[in-house]
Amino acid sequence: MTSNETLIQLEYIDKVKKILDLKRQELKRPLKACVTTFGCQMNAKDSEKLCGILKECGFELIEDEQSSDLVLMNTCTIRDNANQKVYGHLGVLHHMKKKNKDLKIALCGCMMQESSVIEKLKESYSFVDLIFGTHNIFKFAELLYRMYTEDGMIVDIWESTPEIVEDLPTVRKYSFKSGVNIMFGCNNFCTYCIVPYVRGRERSREPEDIVNEIKNLVADGVVEVMLLGQNVNSYGRGLKESISFAQLLKRVEDIEGLERIRFMTSHPKDLSDELIDVMASSKKICRHLHLPLQSGSNRILKAMNRRYTKESYLALVEKIRDRIPDIAISTDIIVGFPGETKQDVDDTIDVVIKSGFENAFTFIYSKRTGTPAAEMQQCEEGFVKEQFDRVLKTVQETARSKVGGLEGSICKVLVEEKNEHEEGMMTGRMSNNIMVHFKGDESLIGKIVDVKLVQSKGFYYFGEEVV
Ligand code: 5AD
Ligand code: SF4
């Protein structure tokens, strides 16, 4: 629903446009902006909204920072190396700004929600022009206006917001697929995780708003949507209408012209039988489930506040594979959580082997200030590296043997892009999220084609289009 706030922001877009028109006339050239995104799909989606506003304001969007008049970094803070990358890059931007005084530098995203970061930026990076957080990205046009009309660093960080502002402009990176937010924030407070502190409490979007957005996307050529939330299985809590995630999926399935539905992320503790049933009987929901394990040790799972056990996780995987035999399951694993022992890691490895993950993202635990795990006794670095290598080896072996099994079969592939490494090759994705490279041309982008899987390369395939 178009709200008052949307109308206010549209007015600010007009005001910024006028300022930029004058600048453009003065410089006798277009004004360019570059948005760099760190982190997850949620951030990628936010960046599309930010780009939409920049474009409406009159910026040409480019990927080269060097020729930009405005550089915006949408930051992530899930692990400390994400923060380090931003500080490192700010050094480069400072250098650019010394040469070009008119260059505007803006920062937003999860890292900006940490007060220690803001203090550091104010003290040591005073050349930054605009800083805002995750809760007020809908105010971007207003903040741009302030940046161009006020002196000094503009900092606007909100602790939270109950508001979900709809109907602001957006641009899409891909013409044929799109992420769609179904909820924001997280209430789970896994003890290692900073997300609940920087993205706030869980809020679901109204089902009609979601369905309408997808209908519009489909009318605009989108065939695949990815429903986005930190914990999609708890979708619907707090809405007036009683609706579960599985019921939302059914409504999305009914949208004519939509071919594929993906979603992420599912928390194992909330994955219902109803959802498994809806997936099993669906023609559009992709045969892929991302089900973060984090650890296979009951002791560590408890300390992480994950609220499931090794046994219940394995039973869930078995139930899903039983009901949906062609499903691929991927996962996230953290190694080196405080107090973790070799035996705990043995348990994780055991779950990896028993679950037979088709794909797994393995992370070294990163201490995040303000989370409960930061106060716990930390593991020794050398030990963690050794354990990480052990897990990674198992994860790779398991995925290789699982993914390789499809050689010779014919699969539907959504063609996504030109293969960057090989001329004349295209890259697409099967329903189970596995990538396939095959001969073809750009006219296939956005189409779903039949491809015979000729050769397995471990985590991906080489194939041939079947016409
Ligand atoms: N250290 C390492 N990995 C983390 N993740 C979340 N917080 C941390 C942390 N502090 C991982 C989890 C999550 C994924 C998105 O990032 O595995 O599922
Ligand atoms: Fe972080 Fe846990 Fe919420 Fe995922 S479910 S965002 S890991 S707190």
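Order of listing sets the numbers, starting from 1, for every ligand and every atom in it. Every heavy atom of this structure was used, including side-chain atoms; hydrogens, water molecules and symmetry mates were not.
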Considering heavy atoms of the protein only, find what lies nearest to [atom] and give residue, atom and distance to 0.1 Å.
{"atom": "atom 12 (C) of ligand 1", "result": "Q294 OE1, 3.4 Å"}
{"atom": "atom 7 (N) of ligand 1", "result": "Y192 CD1, 3.3 Å"}
{"atom": "atom 15 (C) of ligand 1", "result": "D332 OD2, 3.8 Å"}
{"atom": "atom 4 (C) of ligand 1", "result": "R79 NH1, 3.4 Å"}
{"atom": "atom 7 (S) of ligand 2", "result": "Y192 OH, 3.3 Å"}
{"atom": "atom 1 (N) of ligand 1", "result": "S366 N, 2.9 Å"}

For ligand 1, does [X] get within less than 4.0 Å through its side chain, its backbone, both, or neither, judged by non-hydrogen atoms?
{"X": "F363", "answer": "side chain"}
{"X": "I78", "answer": "both"}
{"X": "K367", "answer": "neither"}

For this session: Check whether more than 12 heavy atoms from other residues, nucleotides or ligands sit under 6.0 Å from atom NZ of K250, and answer yes or no.
Result: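 No, not enclosed.
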For this session: Mark yes when over 12 heavy atoms from residues, nucleotides or ligands other than K402 sit less than 6.0 Å from its NZ; otherwise mark no.
Result: yes
Exercise. Taking the side chain as C-beta and beyond, is there a heavy-atom pair between V222 and Y174 under 4.5 Å?
Worked result: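 No; the side chains remain at least 4.5 Å from each other.
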Problem set entry | Sub-4.0 Å heavy-atom approach of R199 to ligand 2 | no
For this session: Could you establish whether I364 and ligand 1 come within less than 4.0 Å of each other, counting only heavy atoms on the residue side?
Result: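 Contact check I364 vs ligand 1: positive.
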Exercise. Taking the inter-plane angle between the rings of F361 and F363 on a 0 to 90° scale, is it parallel (under 30°), tilted (30 to 60°) or perpendicular (over 60°)?
Worked result: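 F361 vs F363 ring planes: parallel.
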Problem set entry | Partners passing ring-ring contact (aromatic ring centres under 6.0 Å, His included) against F438 (at least two apart in sequence or in another chain) |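 ring-ring contact (aromatic ring centres under 6.0 Å, His included) check on F438 returns nothing, list empty.
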Exercise. At under 4.0 Å between heavy atoms, which part of R306 makes contact with ligand 2: side chain, backbone, both or neither?
Worked result: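 Under 4.0 Å from ligand 2, R306 contributes side-chain atoms alone.
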For this session: Could you tell me if the ring centre of F189 sits under 6.0 Å from that of Y197?
Result: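 Here the rings of Y197 and F189 have centres that are less than 6.0 Å from each other.
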Exercise. Under 3.5 Å, is there a donor-acceptor pair between the N74 and S47 side chains?
Worked result: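 The criterion, which ignores hydrogens and geometry beyond distance, is satisfied for S47 and N74.
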Exercise. Is the shortest side-chain N to carboxylate O distance from E386 to K342 below 4.0 Å?
Worked result: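 Salt bridge between E386 and K342, a charged N being under 4.0 Å from a carboxylate O: no.
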Exercise. If waters are left out, how many protein N/O/S atoms lie within less than 2.8 Å of atom 3 (Fe) of ligand 2?
Worked result: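 That number is 1, waters not included.
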